[in-house]
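Chain identifiers are assigned alphabetically (A, B, ...) following the order of the sequence lines, protein sequences preceding nucleic acid strands; residue numbering begins at 1 within each chain.
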Amino acid sequence: MAHWLLKTEPEAFSLDDLKARGQEPWDGIRNYQARNFLRQMRRGDEVFIYHSRVATPAIVGLGRIVTEAHPDPTQFDPQSHYYDAASRPDAPRWDLVDIAYLAHCQPPVSLETLREMPEFADNPLVRKGNRLSIVPISESEWQAVLARVTLV
DNA sequence: GCCAACGTTGGC
DNA sequence: GCCAACGTTGGC
């Protein structure tokens with residue numbers, strides 16, 4: 001089973017929102033590298049949910065892939081913020097996966113903490129200027145984070 | 001809210 | 001196919 005980290009801005013969609021809804025289409029991915037990771041996700045893969053653009057960016061919880069990549073309908077919706085006029089219905093450019101809520105991490109594992117963890121030394125997440133919204137997580141990275149938290 | 005870093009677009 | 005201009009991300 002592979003692991004991933006998904007960034008979200010909690011002001012737009014938070015882990016609490018995911019918990020309240022139970023599951024959610026992870027739409028709006030408009031970056032080719034992130035999309036290619038989306039397409040590698042398999043049903044059952046577990047993911048870290050990460051809050052970005054907040055005072056303390058951090059891994060705040062866990063989710064699970066419940067539906068593998070399929071076309072993101074917002075790309076065809078002119079009213080959507082994520083509309084892409086160049087994407088053709090017969091060759092959709094952008095995909096989404098459905099994510100189910102699993103748990104909150106207690107305490108959250110902050111970016112500052114991740115930077116101090118040797119397991120994360122090579123992870124793009126801790127590199128300056130990183131803008132990838134989906135980051136692959138190795139087994140040792142996954143285990144190192146879980147060792148620091150209680151799942152609630 | 002600022003702005004560095006980065007990805008994408010489009011003129012040539 | 002280069003690269004300047006532009007738009008966006010995300011830490012701070």
Side-chain angles (χ1 to χ4, degrees), chain A residues 2-21 23-41 45-65 68-138 140-142 144-149:
Chain A
H3 295 296
W4 311 91
L5 179 145
L6 308 185
K7 293 180 187 172
T8 183
E9 297 181 22
E11 222 162 89
F13 188 81
S14 70
L15 182 65
D16 285 335
D17 294 329
L18 181 62
K19 182 178 184 179
R21 299 205 206 179
Q23 95 179 50
E24 184 75 3
W26 209 262
D27 60 14
I29 299 293
R30 294 293 182 271
N31 167 285
Y32 287 104
Q33 201 178 350
R35 182 205 65 185
N36 294 341
F37 288 138
L38 267 186
R39 291 179 173 175
Q40 295 173 36
M41 293 177 175
D45 283 358
E46 291 178 350
V47 302
F48 289 136
I49 304 296
Y50 175 94
H51 281 174
S52 64
R53 247 176 180 284
V54 287
T56 306
I59 292 172
V60 292
L62 267 57
R64 177 184 285 136
I65 310 298
E68 297 182 8
H70 55 287
D72 178 348
T74 63
Q75 71 195 300
F76 303 123
D77 175 6
Q79 310 305 325
S80 171
H81 176 65
Y82 300 122
Y83 179 60
D84 181 354
S87 184
R88 315 297 312 265
D90 56 339
R93 192 180 273 190
W94 307 112
D95 283 359
L96 58 75
V97 295
D98 294 294
I99 303 291
Y101 173 82
L102 273 187
H104 278 64
C105 291
Q106 221 170 55
V109 182
S110 68
L111 178 60
E112 185 183 10
T113 298
L114 294 171
R115 288 209 162 103
E116 292 167 354
M117 294 168 61
E119 292 87 355
F120 276 82
D122 295 326
N123 192 292
L125 188 68
V126 304
R127 283 207 285 271
K128 189 180 178 189
N130 163 60
R131 297 170 50 185
L132 252 192
S133 58
I134 298 180
V135 181
I137 296 293
S138 72
S140 64
E141 290 163 347
W142 183 262
V145 170
L146 288 190
R148 288 176 169 265
V149 301

Give the table of side-chain donor-acceptor pairs shorter than 3.5 Å for residues 51-60 of chain A, with sequence neighbours excluded, one pair per line with atom names and distance.
from	atom 1	to	atom 2	distance (Å)
H51(A)	NE2	L15(A)	N	3.1

Worksheet item: Would you say R88(A) has more than 12 foreign heavy atoms packed within less than 6.0 Å of its CZ?
Response: no
Worksheet entry | Pairing residues for R148(A) by the salt bridge (charged side-chain N to carboxylate O under 4.0 Å, His left out) criterion, not counting sequence neighbours | none
For residues 95-112 of chain A, which side-chain N or O atoms pair as donor and acceptor with protein atoms under 3.5 Å away, sequence neighbours left out?
from	atom 1	to	atom 2	distance (Å)
D95(A)	OD2	R39(A)	NE	3.0
D98(A)	OD2	T67(A)	OG1	3.1
Y101(A)	OH	H104(A)	N	3.1
Y101(A)	OH	H104(A)	ND1	2.6
H104(A)	NE2	D16(A)	OD1	2.8
S110(A)	OG	T113(A)	N	3.0
S110(A)	OG	T113(A)	OG1	3.0

Worksheet entry | Proximity of W4(A) and F37(A) rings by center, below 6.0 Å | yes
Discussion item. Test of understanding: with side chain to side chain donor-acceptor pair (under 3.5 Å), list the residues that count as partners of R64(A), not counting sequence neighbours.
Written reply: E46(A)
Practice prompt. Map R93(A) and K128(A) onto DNA chain B by nearest heavy atom, then report which one ends up closer to the 5' terminus.
Written response: K128(A)
Discussion item. I need the residues from residues 27-39 of chain A with at least one non-hydrogen atom less than 4.0 Å from DNA chain B; give them sorted by number, or say none.
Written reply: N31(A), Y32(A)
Practice prompt. Kindly compute the distance separating CH2 (W94(A)) from OG1 (T74(A)), expressed to the nearest 0.5 Å.
Written response: 11.0 Å
Worksheet item: Under 3.5 Å, is there a donor-acceptor pair between the S140(A) and E119(A) side chains?
Response: no
Discussion item. I need a per-nucleotide contact map over nucleotides 6-12 of chain C, read 5' to 3'. Cutoff is protein heavy atoms under 4.0 Å; write B for the base, S for backbone only, - otherwise.
Written reply: -BBBBBS
